[in-house]
Amino acid sequence: MQQATYQTETNRYAKCVEVSKRIRWDIDDDLIRGRQFDFGHKFLPDGLSLIHELDFLSGEEQRLLSQIQGRSYANIFGLVERFINAKVLEVSRDHWLGDQTALEALIRFSDEELKHQEMFRRVERMIGDGQPEGYRFLPDPNEVATAVLSKSTWAVLALTCHIELFTQAHYKQSIAPDPELSDLFKDIFLYHWREESQHAILDELEWSREHARLSEAERDQAVDDLIDLVGAVDGIVQLQSDADGDYFVRICGRSLEEEQVQRLKEVLLKAYRWQYIVSGVQEPRFSALLGELTTEEQGQRIGKALAPILQ
């Protein structure tokens, strides 16, 4: 039975290697291809930005807000890939003198995450060239990574799996079907999605492998660590949604009423919580795996911690 399980896992690692080789892409030659962002189009779709809830904004203002959100969306992905890459390199150590197929899969994962970080740095510079000065991305990637990596590997892999699964859901359900988006922005997340699809499989394998080696007490502590990490993500989105609201108010070209500014920031926070927490929690593949790796009592603790965010 153990041999059959080992072979199944090796085959899954091997499939990730095969797909990684087949879909490999270059930032300049395959993705950007000399293009610039078209600011006559939205960047983030309504299903993620929730700008349709702000009916006091004109169509042009809604488009501007989607572009600001799109800028932060790309920056937050660049931020989380800093700690994801560090953790992937760390867990690859377990395969150094073992399954070389698994090792190759994780090294390719790391290489692709480094490429994604560079891609999102390019996105920030390119969008920045087309928007007024004053935008601020407040979280520091290295500080966030240091804080995240201080938690248990189980919790970090759980958060990583959550992120890479909602990335796929966002693209397939919201970004791909929206004809109003900038072509370049859309392509960025198409190419990102292609590689993240393999990363999510590796996340599942490594999370399950880590789970198997922990004691019950260690697993219970890891659940508390995961709750802490979700709280930290919520702190990031609160910080950035407020900064993005202030930036929009400064550059939108008219004075908004106090009630409108308040509503703007409420919707931004709701949108960012949906993007980075709620959509992942509700993703069936993630919720099923989390259910397999936690007890009923642990699941209730997680649900209690999430309740204020889900509301």
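Because only heavy atoms are used, hydrogens play no part in the values below, and waters and symmetry mates are left out as well, while side chains stay in.
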With no hydrogens and no angle check, just 3.5 Å: does a side-chain donor-acceptor pair link [X] and [Y]?
X	Y	answer
D246	Y135	no
N85	S110	yes
Y73	S49	no
E112	S20	yes
H52	Q62	no

In plain terms, say whether [X] and [Y] are close enough for a salt bridge, that is, a side-chain N and a carboxylate O under 4.0 Å apart.
X	Y	value
R273	D234	yes
R263	E266	yes
D244	R136	no
R194	D30	no
R209	E206	yes
E195	R108	no
E124	R121	no
R125	E118	yes
K15	E18	yes

In Å and rounded to the nearest 0.5 Å, what is the [atom1] to [atom2] distance from [X] to [Y]?
X	Y	atom1	atom2	answer
Y272	I236	OH	CD1	13.0 Å
S152	D224	OG	CG	9.5 Å
I201	D203	CD1	CG	9.5 Å

| request: Applying side-chain contact (heavy atoms from CB on, under 4.5 Å), name anything that partners K304, two or more places apart in sequence or on another chain. | output: none
N/O donor-acceptor pair under 3.5 Å between [X] side chain and [Y] backbone:
X	Y	value
H170	Q275	yes
E90	K87	no
E164	E196	no
K151	D228	no
K115	W25	yes
Q100	W96	yes
S241	Q238	yes

Should we say atom [atom1] of [X] is surrounded by more than 12 heavy atoms from elsewhere, each under 6.0 Å from it?
X	atom1	result
E60	CD	no
K265	NZ	yes
E296	CD	no
D183	CG	no

| Any idea how F77 and F166 line up, ring-wise: parallel (<30°), tilted (30 to 60°), or perpendicular (>60°)? | tilted
| message | Show me the pairs that pass side-chain hydrogen bond (donor to acceptor under 3.5 Å, both in side chains) and involve residues 247-256, at least two apart or across chains. | response | E61-R254
| Is the Y171-F189 ring centre distance short of 6.0 angstrom? | no
| task | Dump the intermediate steps for ring-ring contact (aromatic ring centres under 6.0 Å, His included) on F120 and H192, then the final yes or no. | result | CA-CA 10 Å; F120 289 125; H192 186 244; 5.2 Å; yes
| query | Other than L239, which residues form its hydrophobic cluster under the rule that side-chain heavy atoms must be closer than 4.5 Å? | reply | L138
Salt bridge (charged side-chain N to carboxylate O under 4.0 Å, His left out) contacts in which one or both residues fall within [range], not counting sequence neighbours:
range	result
residues 277-286	E204-R285
residues 42-52	K42-D46, K42-E180
residues 211-223	E210-R213, E216-R219, D220-R301

| field | H95 vs Y13, ring-ring contact (aromatic ring centres under 6.0 Å, His included): CA-CA, chis, key distance, verdict | value | CA-CA 12 Å; H95 301 289; Y13 283 114; 5.7 Å; yes
